[in-house]
Amino acid sequence: MQDTGQYLLDKPIEFLKGVGPQRSEVLKKELGIFTWLDLLQHFPFRYVDKSRIYTIREIIPGTQYIQLNGIIQKVDLIKKGRVKRLTALFADETGTIELVWFKGIQWIAKILKPNQRYTIFGKPTYYNGKLNMAHPELDFDTPENPAGAMPLEPVYPATEKLKSKGLDSRGIMKIMQNLVKQLSPPQLPENLPPWVIEQQHLSPRFEALMNIHFPENEQMLKLAQFRLKFEELFFVQLLLLQQKSLRHKRFKGLRFPEIGDLFNRFYKEQLDFPLTGAQKRVLKEIRKDLNSGKQMNRLLQGDVGSGKTVVALMCMLMAIDNQFQAAIMVPTEILAQQHDQSIREAVQELGLITALLTSSVKGKKRKEILAALMAGEIHLLIGTHALIEEEVRFKNLGIVIIDEQHRFGVAQRARLWKKNIQPPHVLVMTATPIPRTLAMTLYGDLDVSVIDEMPPGRKPVQTVHRTDSSRIRVFGFLKEQIGLGRQVYIVYPLIRESEKLDYKDLLDGYESIVREFPLPQYKVSIVHGKMKSEDKEFEMQRFIRGETHIMVATTVIEVGVNVPNASVMVIESAERFGLSQLHQLRGRVGRGADQSFCILMTGYKLSAEGKQRIRTMVETTDGFEIAEADLRLRGPGDMEGTRQSGLLDLKIADLGKDQQILQLARDIAVKLLEEDPELEQSRHRALKAYLSSKSRHQFNWSRIS
Ligand code: ADP
Ligand code: MG
């Protein structure tokens, strides 16, 4: 076998030339690099074009990373209080540029020599009209290190700790060179099937790995990137899809053959509006799952207010009609209470027994509920995550609905399956629209349904952007709305480094609002995370009942609270919120028949990205459009619900930018598994071997499902 080669890549990192025990420690700690193979998979995040040396005169605004050659003329250490910086004037035949360092000053000061010739790399910028370059890389011009020796030099991510051991980008490059020198194609056997390589014109694995570190040229680099991104996404998809089919094989799904009395009576007698086309379509999709003999794992996406709850309720009725119990799990106590109330009202006539279970249901009451669940006397349970606790057992749980999914980790989802001998059907509902590509990766094992239509007569929330100078007019508008009998939210961010400052903002804001809206005419509630939960509850309930006019709050109100009479959402320091959060907040209004408004308050100065976010909010109310914009602006790592997944530590693919490659990878994975579900064909032998070695070594797939 060709195993000898793979052993080489399995070698501990300390045995690579140039590494040794000390450096291996930081490589392990900082980058999780334990073996030669790990190092090989530490990819550059950009490349410096060293094929050409620029002149200072050629620099124009927008010039990217370039290489300059010239002489250091003068070095200055500048101190302002405790802030220090080091500057140097750098000149070539055509002009001068100032070089600046804010960090590592002592070390740089030692090696910077006036009148010495250097080749420098960096990104020029204009500061106060003057050209400068912060933290350039420096190279002495020496014979063994001539400028332009490498057409595209890799730049590796490195941390301060790595740098302190000489493993800055250059240091990493040197050990990478030592590694790459020892490799040949048999050590990196192809892991994709030949037909895929051929069909997609992919570069071979060995060639791609060589070129990703040390590209021969631009073209080879592009090919290497495409191949490695494809490979990465393909394996994620393949494993997710395999897992799904395995699950289908292992677990039989509960069958709900009856569309029974409860469902029909609810539909004909209780429901006081016609379902939208989208709601009907989704119900059909779910209905099919519930009688397929396979366990349903479905993600239901639908914008805030699109009417997911009624769909959930009707799904639960399908289960109860078939003599099963149903449960719905929501992320907060307040939401649980709201659902409890509205669901109880809706199903009372049908003679169903419901119960509410949260962590504040204690003692005798709790015991009674737990016993009734075991005995099958409760048809429908509404609860918070208290519901997944071990002690909560059902007689025969048929379906679980998880509302506002992103607050629940995947592991929690899995615990639900154990609530019945045969796992119950699971419907995950989210109002945070996730772009298709991201859903495919994060929830690749789920089927996806979308409610993409709002109930009729809903007026889109009118959104405007205002700065402090219009504050008086904004307050006037709020008074008008309150005069019409409406209620108002005013939300403050809580995301700054210093929480103390945030609370100060909130409390200052509250004071000025109380001054502007005095008693007895106006009543103002305040709710924030530092309050005791009873107090929070109490204030929320007052606002829900319409006893106060204004709700001043931090983002605790973000999720799901339903006050149809609230018609204005004012968001303070709106530039500090992410797009999906802004969208969620805006979704708190526009739930009734009246025209609603969202006012985004910001300072005058906004970053380009901040401006883009505000503009997006003003221009559209479509959650999917907003989610796509969010993904483009921030990248997937920051998106709601992705952080804890661990699935997004993709090494090279970027879910924001590589959506087409992801789609391609998924399509091919689907096709491959359709043709060869067990990977038994000889053309898939290498693939299968690679997968099993990979799952042994690297992946922690338990995180996913
Ligand atoms: P969300 O998807 O945000 O959970 P809800 O289920 O809370 O939305 O629905 C928002 C409001 O719209 C509720 O008051 C609900 O009764 C109402 N609603 C739901 N579906 C329809 C429909 N087809 N026609 C009219 N109103 C509807
Ligand atoms: Mg909802």
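Keep in mind that what you see is a predicted model, and the values were worked out from it rather than measured. Just so you know, ligand 1 is whichever comes first in the structure, and atom 1 is the first atom listed for that ligand.
Looking at atom 9 (O) of ligand 1, its nearest protein heavy atom turns out to be Gly307 CA, 3.6 Å. Scanning the protein heavy atoms around atom 2 (O) of ligand 1, the nearest turns out to be Lys308 NZ, 2.7 Å. Annotation: atom 4 (O) of ligand 1 to nearest protein heavy atom, Thr309 OG1, 3.3 Å. In this structure, atom 3 (O) of ligand 1 lies nearest to the protein heavy atom Gly305 N, 2.6 Å. Nearest non-hydrogen protein atom to atom 11 (C) of ligand 1 is Arg458 NH2, 3.7 Å. Nearest non-hydrogen protein atom to atom 14 (O) of ligand 1 is Asn562 ND2, 4.6 Å.
For ligand 1, the atoms closer than 4.0 angstrom to any heavy atom of Ser306 are 2 (O), 8 (O). Close approach of ligand 1 to Asp303 is summarised as follows: ligand atoms under 4.0 Å from at least one heavy atom of the residue are 2 (O). Close contacts between ligand 1 and Thr276 involve ligand atoms 23 (N) [criterion: under 4.0 Å to a heavy atom]. Listed by number with element, the atoms of ligand 1 under 4.0 angstrom from any heavy atom of Leu275 are 23 (N). Within ligand 1, the atoms closer than 4.0 Å to a non-hydrogen atom of Arg591 are 3 (O), numbered from 1 in the order shown.
Across every non-hydrogen atom of Ala319 and Ile399, the tightest pair is CB-CG2, 3.7 Å. Closest of all the heavy-atom pairs between Thr621 and Arg586 is CA-NH2, 3.5 Å.
Not a single heavy atom of Gly587 sits less than 4.0 Å from an atom of ligand 1.
Ring pair Phe517/Tyr522 is perpendicular by interplanar angle, where above 60° counts as perpendicular and below 30° as parallel.
Looking at Pro456 next to ligand 1, no N or O pair under 3.5 Å apart turns up. Looking at ligand 1, you won't find any N or O of Phe273 less than 3.5 Å from one of its N or O atoms. The shortest N/O to N/O separation between Val310 and ligand 1 does not fall below 3.5 Å.
By the 4.5 Å heavy-atom criterion applied to side chains, Thr354 and His379 are not counted as neighbours. Between Ile353 and Glu377, every side-chain heavy-atom pair lies at or beyond the 4.5 Å cut-off. Contact annotation: the side chain of Arg486 never approaches that of Val589 to less than 4.5 Å [non-hydrogen atoms, C-beta and beyond]. The closest side-chain heavy-atom distance from Leu662 to Gln237 is below 4.5 Å. Residues Arg287 and Ile259 form a side-chain contact, since some pair of their non-hydrogen atoms from C-beta on lies under 4.5 Å apart.
A donor-acceptor pair shorter than 3.5 Å cannot be found between the side chains of Asp289 and His425.
With a 4.0 Å heavy-atom cut-off, ligand 1 is reached by the side chain of Gln279 but not by its N, CA, C or O. Heavy atoms of Pro564 found under 4.0 angstrom from ligand 1: none, in either backbone or side chain. In Ile451, neither the side chain nor the backbone holds a heavy atom less than 4.0 Å from any atom of ligand 1.
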Derivation and outcome, ring-ring contact (aromatic ring centres under 6.0 Å, His included), residues Tyr510 and Tyr492
CA-CA 10 Å; Tyr510 175 67; Tyr492 286 81; 9.6 Å; no
Derivation of the side chain to side chain contact (heavy atoms under 4.5 Å, CB included) call for Leu241 and Arg666:
CA-CA 9 Å; Leu241 291 166; Arg666 177 156 177 112; 4.0 Å; yes
